[in-house]
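Both ligands and their constituent atoms are indexed starting at 1 by order of listing.
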Amino acid sequence: MSLNIVILAAGQGKRMHSAYPKVLHPLAGRPLLGHVIDTARSLHPAGIVVVYGHGGETVPEAISGADLAYAKQEPQLGTGHAVMQALPTLKKLVPQLGPADFSLVLYGDVPLTRAASLKSLVEAAEAVQGLAILTVDLPNPTGYGRIVRNSVGAAQDVHGRGQIIRIVEQKDATAAERAITEVNTGIMAIPTARLAGWLERLSNDNAQAEYYLTDIVAMAVADGVKVTSAQPAHVWETLGINSKKQLAELERLHQHNIADALLEQGVGLADPARIDVRGLLSCGQDVSIDVNCVFEGDVVLGNDVVIGPNCVLKNVRIRAGTIVNAFSHIEDAEIGAHCRIGPYARIRPGTQLDEHVHIGNFVEVKNSQIGAGSKANHLAYVGDSTVGKQVNIGAGVITCNYDGVNKSRTIIEDGAFVGSDSTLVAPVTVRAGAYIGAGSTITREAPAGKLTLTRAKQTTIDAWKPPVKKPKV
Ligand code: UD1
Ligand code: CA
């Protein structure tokens, strides 16, 4: 069997009230279409064709891949018309169509469908060598296409229901048809060899003057091709997004699923309703995460890592036993074992901390390596620096890494002590065990094991008197 996947993503999404194409709006930090493409890829299809239109080239420009083909639909004349635009690409992908070749139609604005549900749909199509529709039963089916079956008593499907004979859209349905609660999710597996013939016969003689993909169901029945259905494990897998409200609802649902999976693996979450994972979060044993944390990109937390409330971590690896206190922001960094970060720490890209490093409140570290046991506990900027082991960086220390044009590095060797409120003007080196007196501006190398300081002499003016207020004239 060869499986091809057609993703419909040409629609406008008027109700998003946005200048951006609907399928590029993010869910869990990724475009809606990105989620659908990921799921499509997990089925290992021979090809994936994305039908785009509204928003012009922004969609193919935003999401590309060697395994993705794009077909443009302009104007957008309905779901059947959309699949028609994919046909030439499909034919190129599978030049020799056999009866066991299927095309799976997905929607670019339905992001949470699980691969297992799609597999069972494709298997249902294969089993009857015909067309299979993913359907759900909804207490309120308003707006959806209804699955019309022949009366029970005639041929029945495996669930004892009548055979599917056609799909009728809400706007074309009679009152009796509108009472049907089984609806078309829009996701179908179609024998590819039949597709062109059916699409050619579509007409737009209906309430919306559109070419409905759903009309191929009655054609299949007329041609003696078996039509069957499959159901997803959860209704939410088939929910589409038409508005910001629906986007926010699916985001919460998705986050809840992620939180459940983390709890299931033994991760401690203070509140599963207050965590956002926008990427991949992998945790060791006995990790605990307080409320309102955001994890973006790839985040890996070692055993016993504790993340305090209101932290943002993006593309970070943290080794075992480290504590990140409240309100810390860490991006593109590697944090060693048993470190203590925050509260209110900012760790920027290119930073590597060895074990037992302390980075305290209002300390910013950028593109720096800091050796084991070193500390910068309060109010400091460490940028473009190489810091050795057991270094003490006092409160208010600043590495002046930028001369307005170029960036330069600061090197602070093992065991050095940099007194509070010192500025280290890079490029500059503080040798091992050097002491820098508080308030110094260091522009040349500070030798090992000695006290270096730059400081105006302290004087006291004995004759000084406090100012006196002048009388008013
Ligand atoms: C469609 C189905 C309906 C089903 C419902 C599920 C048809 C005729 N109707 O209705 O049976 O219950 O989905 O949500 O198929 N699209 C294009 N080009 C177009 C039109 C649509 O790419 O010209 C894309 C949209 O971007 C969207 C998908 O196809 O991703 C569905 O379009 P939409 O307008 O939402 O279909 P409905 O009318 O809701
Ligand atoms: Ca829709």
query: For residues Asn4 and Ser103, is any side-chain donor paired with an opposing acceptor at under 3.5 Å?
result: no
Basic-acidic side-chain contact under 4.0 Å: [X], [Y]:
| X | Y | result |
| --- | --- | --- |
| Lys366 | Asp384 | yes |
| Arg346 | Glu331 | no |
| Asp332 | Arg348 | no |
| Glu169 | Arg146 | no |

[X] neighbourhood, listing ligand 1 atoms whose heavy-atom distance to it stays under 4.0 Å:
| X | result |
| --- | --- |
| Gly145 | 3 (C), 4 (C), 11 (O), 12 (O) |
| Leu77 | 23 (O) |
| Ala9 | 22 (O) |
| Asp109 | 27 (C), 30 (O) |
| Thr185 | 6 (C) |

query: With side chains defined as the heavy atoms from C-beta onward, is the minimum distance between Thr386 and Thr410 less than 4.5 Å?
result: no
Would you check whether [X] has a nitrogen or oxygen atom less than 3.5 angstrom from a nitrogen or oxygen atom of ligand 1?
| X | result |
| --- | --- |
| Glu169 | yes |
| Ala10 | yes |
| Thr214 | no |
| Ala82 | no |

- line: Closest heavy-atom approach to atom 19 (C) of ligand 1 among Gly186, Gly11, Gly78 is made by Gly78
statement: A student comparing Tyr144, Tyr107, Tyr212 should find that the heavy atom closest to atom 2 (C) of ligand 1 comes from Tyr107
message: Does atom CZ (Arg409) have a neighbourhood of more than 12 heavy atoms from anything else shown, all under 6.0 Å?
response: yes
field: Any residue meeting ring-ring contact (aromatic ring centres under 6.0 Å, His included) with Tyr211, in chain and number order, not counting sequence neighbours
entry: none
- request: Using non-hydrogen atoms of the residue, decide whether Val183 is closer than 4.0 angstrom to ligand 1.
  value: no
Proximity to ligand 1 by part of Gln73, non-hydrogen separation under 4.0 Å: side chain
- request: Locate the shortest heavy-atom distance separating Gly336 from Arg319; write the atom from each residue and the value.
  value: C-CB, 3.7 Å
